[in-house]
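Taking it in order: structure first as structure tokens, then the write-up.
All residue numbers refer to positions in the sequence shown, counting from 1.
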Amino acid sequence: MYGVGNTKRLGRTMGLVMGAAALVAGTAGCGGSGNAAGADKAGAPAGGAVASPSGTPGPGPERLKALLVAEGEKFGPYEVGDPLLDEPMSEDYEAQPAQCRPLTSLGKAGHTAQAFAKADVPGEWQAVGTEILLRSYRDAGAAAAAVKSLADAGVRCAGGYAEDRALVEAKVLRVEPVQAPALGDEARSYRIVTQDVKDPGISLYKYLTLIRSGSVTLAFRSDVIDTKDFGGVPQEIVAGQWEKFTKGAAAPAS
């Protein structure tokens, strides 16, 4: 394919804990912000990536939606909420200079389908919220081009840029590479520091992670209504989405 009983719940919780631990172990050994190891020495994709020929197209809209975490699913303290009405990382958002756009919208790299969700901590308005976006491409090369455009933007826009959010313009102060999870064919992660729109003396933080598996990309963008640096995209969410994606992509389509 493409690149609820208490006992079951306990087993799933333990699986996610182990998955998050694997993310920590994998990232600790990585140098720089990217994991582009591709296949390991035995020829298997890195991080459990779903093996597929490079020319295999990504899944269609309905199949991709089935690979996305669903409303009500829980990963540690985080829960997937109501479906988002607005597309996360929208292509309607612009950036100046334009070469920085992938940091805002993942660019316009020609995806063929997408599915998205959001996870946060119910009842805690100052908890970290994470947008999750899965995108299919016509083949692995097109998906790799999307990752490359983000990597290029991370270098060229490290000193900051302006983000046009339709009704307001936000100033990004700097973009910093951080350790990416050791998953998929390649992965990139960034800390993006922005200037508060109402108080220019305050800096706000958000984190962006992009993972590619064959002709599919999995993107995670996290932020919080606070001035603290919360450290990154929650590992429980990444592990939970990756587990669902890899298991679903390996199964025959119904």
Side-chain angles (χ1 to χ4, degrees), residues 1-20 22-23 48 50 58-93 104-106 111-137 165 181 183-184 187 189 206-213 215-226 230 232-254:
M1 303 300 292
Y2 353 89
V4 198
N6 290 335
T7 302
K8 290 183 178 179
R9 181 172 299 174
L10 177 60
R12 176 166 178 76
T13 300
M14 290 300 295
L16 289 174
V17 170
M18 293 174 67
L23 285 178
V50 181
E62 292 304 314
R63 178 75 168 139
L64 197 65
K65 186 176 180 180
L67 300 175
L68 178 73
V69 291
E71 181 181 355
E73 289 192 75
K74 295 182 179 181
F75 309 102
Y78 304 98
E79 181 175 340
V80 181
D82 297 336
L84 289 170
L85 298 178
D86 297 321
E87 173 189 344
M89 299 171 246
S90 171
E91 292 183 353
D92 291 335
Y93 286 2
T104 295
S105 65
L106 297 183
H111 57 279
T112 56
Q114 65 179 15
F116 44 84
K118 184 170 184 177
D120 54 22
V121 180
E124 295 189 22
W125 66 275
Q126 279 192 307
V128 175
T130 301
E131 297 173 332
I132 306 163
L133 175 64
L134 273 56
R135 280 181 171 172
S136 284
Y137 293 83
R165 302 178 181 176
L183 297 173
S189 290
K206 60 183 175 181
Y207 283 82
L208 173 63
T209 287
L210 183 65
I211 302 167
R212 180 180 71 83
S213 179
S215 51
V216 176
T217 59
L218 300 83
F220 306 83
R221 185 167 66 183
S222 299
D223 58 14
V224 66
I225 304 176
D226 203 337
F230 55 91
V233 175
Q235 294 174 350
E236 300 97 325
I237 295 175
V238 176
Q241 175 59 81
W242 181 253
E243 178 187 16
K244 183 164 187 177
F245 170 75
T246 53
K247 286 184 177 179
S254 57

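Val128 approaches Val224 most closely through the heavy-atom pair N-CG2, 4.1 Å. When all heavy atoms of Ala249 and Leu67 are compared, the pair lying nearest together is N-CD2, 3.5 Å. Residues Ala187 and Pro181 approach most closely at CB-O, 3.5 Å, considering heavy atoms. When every heavy atom of Asp223 is checked against every heavy atom of Lys206, the shortest pair comes out as CB-CB, 3.8 Å. When all heavy atoms of Ala219 and Leu210 are compared, the closest pair comes out as CB-CD1, 3.7 Å. When all heavy atoms of Pro234 and Ser222 are compared, the pair lying nearest together is CD-OG, 3.4 Å.
In this structure, Ser189 and Val233 have side chains that are not in contact, with every pair of non-hydrogen atoms separated by 4.5 Å or more. With a 4.5 Å cut-off on side-chain heavy atoms, Phe75 and Val238 do not count as touching. Looking at heavy atoms from C-beta onward, Arg221 lies out of side-chain contact with Leu133 at the 4.5 angstrom threshold.
The OH atom of Tyr78 sits 12.5 Å away from atom NZ of Lys118, with the distance rounded to the nearest 0.5 Å. Taken to the nearest 0.5 Å, the CZ atom of Phe245 stands 9.5 Å off from the CD1 atom of Ile211. Distance CG/Leu64 to CG/Leu134: 5.0 Å, rounded to 0.5 Å. Between atom CZ of residue Arg212 and atom CG of residue Leu183 there is a gap of 13.5 Å, rounded to the nearest 0.5 Å. The distance from the CZ atom of Arg63 to the CG atom of Leu68 is 13.0 Å, given to the nearest 0.5 Å. For the atom pair Thr217 OG1 and Leu106 CG, the distance stands at 7.0 Å (nearest 0.5 Å).
By the side chain to side chain contact (heavy atoms under 4.5 Å, CB included) test, Glu124 is found to be paired with Val121, Ala127, residues two or more places apart in sequence or in another chain being considered. Glu71 meets the side chain to side chain contact (heavy atoms under 4.5 Å, CB included) test with Asp82, Pro83; sequence neighbours excluded. Residues satisfying the side chain to side chain contact (heavy atoms under 4.5 Å, CB included) criterion with Ala66, sequence neighbours excluded, are absent altogether.
Within the 3.5 Å criterion, the main-chain N or O of Phe220 finds no donor-acceptor partner in the side chain of Thr209. Using a distance-only test at 3.5 Å, with no hydrogens or angles considered, no donor-acceptor pair links the side chain of Glu79 to the main chain of Lys74.
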